[in-house]
There are 2 protein chains.
Amino acid sequence: MPRQQRRPPAARVEERHRGARGQILNAAWQLAAERGLTGWSLSELGAAVGMRAPSLYVYFASKDAIYDELFAQGCRDLLGVLRQVIAQGTTPAERFREGSRAFVEFAVAHPARLQLLFLRVIPSFIPSEGSYALAIEITQLLTDNLRQLGVTDDAAADLWTATLTGLATQQVSNEPGGRRWARLVDRASAAFLATTTQAHSPTPEE
Amino acid sequence: MPRQQRRPPAARVEERHRGARGQILNAAWQLAAERGLTGWSLSELGAAVGMRAPSLYVYFASKDAIYDELFAQGCRDLLGVLRQVIAQGTTPAERFREGSRAFVEFAVAHPARLQLLFLRVIPSFIPSEGSYALAIEITQLLTDNLRQLGVTDDAAADLWTATLTGLATQQVSNEPGGRRWARLVDRASAAFLATTTQAHSPTPEE
DNA sequence: GTCTATAAATGGATAGAC
DNA sequence: GTCTATCCATTTATAGAC
């Protein structure tokens, strides 16, 4: 029987491992916020957590693997925010309005997350299957929300995601830190609901 | 008096120079379309026009200078398309609808132009004053278009640019080559006009 | 105006000592 | 698990021959 009494318990090791991974991801978010999603290197990331670049490979297989974990984490963050906000709403309309507002606020507060999750900014990076499934959950949440309002039209849901990401993107791209577009989300929600739910003469598609 | 009878006329030289610059920019657009806006290097660009990388510096001061020229060119392209489409419209409403459609079609057909003009994808690149002025002209054109419809609200114009870029961005990011979001532009135009022009109970801003 | 050569730096990633 | 050292590819950019 191999001796293993002096080896620390595997659970402890894994816990520390996860802790370090978390630190690295936090530092990556910070660098992405400061210099853009692609504006940092592995050596800079290592320095940010008191490591050299090669040590990062103990925790991640590649830089794209880090992006993939950031992608998944960003999805979970947004899902958490949206679920919380939606849970607080008392009516479907309120849930819709507050959910939409939360989406834009999240994206504007975290431009790097917006770029990573909803824009194709990194040519080499494609999210893994598991990470992408989380992104689907976000739009799913939005679609369910609309269904509760009686909006079962998939096209309407698509138009709404486009509007929300559009507002956030314009805000972040043209006036970072401002509110020029972000403040329009309530107005957009109201207009969207007005044209989608009430007596709608279905516009003929092209 | 210095002899200069054997030197080719300056006009000829400049003409060739401009021709080469044009070739380089065309090749850059093609590379950007194939591999993403940032997915190519100067040596690849040089090879595409039968040059080595250093020779490109005869025509452009830096890679960012190339991006700046691409930015300006993209603006002029889009302005040309929009002006032509708008000129063909017979009523303000038709000009609005067709202009909106043309905007999205342009962006979907040229994702790299969309990224360069409306998204902040390259951390290091900031358009020059002259190039940015062209970008302003685009939104100006849109604003004027709306004014002809009696929409003088700046916020409405902002909401509309966000919607258009949002549709294009979602299309390009999530389903490149498809029509899922692009086909919604007419529906969005109609909804926007319905809520903005007709008896509008002004939604209170937050 | 184009080239070779090269600078000067940086990138991501691996090997192996400790 | 972290390091040094290093690989190898690649980058933008410059100098100088032709």
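A, B, ... follow the sequence lines: proteins, then strands. Residue 1 opens every chain.
Checked by atom type, the side-chain pair A:Ser189/A:Trp160 shows no donor-acceptor distance below 3.5 Å. Side chain to side chain, A:Ser41 and A:Glu44 meet the donor-acceptor criterion of an N or O pair below 3.5 Å. For B:Gln171 and B:Arg180, the side-chain atoms include no donor-acceptor pair closer than 3.5 Å.
Annotation: B:Trp29 is not in aromatic contact with B:Tyr67 [ring centroid separation under 6.0 Å not met].
Taking a 6.0 Å sphere around CZ of A:Arg18, one finds it holds 12 or fewer heavy atoms contributed by other residues, nucleotides or ligands. Dense packing is recorded around CZ of B:Arg76, with more than 12 heavy atoms of other residues, nucleotides or ligands lying under 6.0 Å away. Counting heavy atoms of neighbouring residues, nucleotides and ligands inside a 6.0 Å radius, atom CD of B:Glu34 exceeds 12 of them. In B:Glu94, the CD atom is crowded: over 12 heavy atoms of neighbouring residues, nucleotides or ligands sit closer than 6.0 Å.
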Verify side chain to side chain contact (heavy atoms under 4.5 Å, CB included) between A:Phe71 and A:Asp64, making sure each step is shown before the conclusion.
CA-CA 10 Å; A:Phe71 185 96; A:Asp64 272 3; over 6 Å; no
Evaluation steps, side-chain hydrogen bond (donor to acceptor under 3.5 Å, both in side chains), between A:Trp181 and A:Thr169:
CA-CA 9 Å; A:Trp181 281 270; A:Thr169 302; over 6 Å; no
What one-letter contact string describes nucleotides 4-18 of chain D from 5' to 3', where B marks a base within less than 4.0 Å of any protein heavy atom, S marks contact via sugar-phosphate atoms alone, and - marks no contact?
BB-----SSBB----
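Within 4.0 Å (heavy atoms only), A:Gly50 reaches sugar-phosphate atoms of the nucleic acid but no base atom.
In the helix from C:dG1-D:dC18 to C:dC18-D:dG1, the rotation axis of the first five pairs and that of the last five pairs differ in direction by 10°, rounded to 10 degrees.
Across the protein-nucleic acid pair, A:Phe60 atom CZ and C:dT14 atom C1' stand 19 Å apart, rounded to whole Å. Taking atom CD1 on A:Ile122 and atom C1' on C:dG11, their separation rounds to 15 Å, with Å as the unit. Rounded to whole Å, the distance from CZ on B:Arg21 to C1' on C:dG1 is 15 Å. Rounded to an integer number of Å, the gap from CG of B:Leu56 to P of C:dT2 is 10 Å. Taking atom CD of residue B:Glu15 and atom C1' of nucleotide C:dG1, one finds them 17 Å apart after rounding to whole Å.
Side-chain contact between B:Thr38 and B:Phe125: absent, with no pair of heavy atoms (C-beta onward) separated by less than 4.5 Å.
Looking at residues 26-33 of chain A, you'll see that no heavy atom sits under 4.0 Å from any atom of DNA chain D.
Closest contact between the side chain of A:Tyr59 and the listed nucleotides D:dC3, C:dC3, D:dG1 involves D:dG1.
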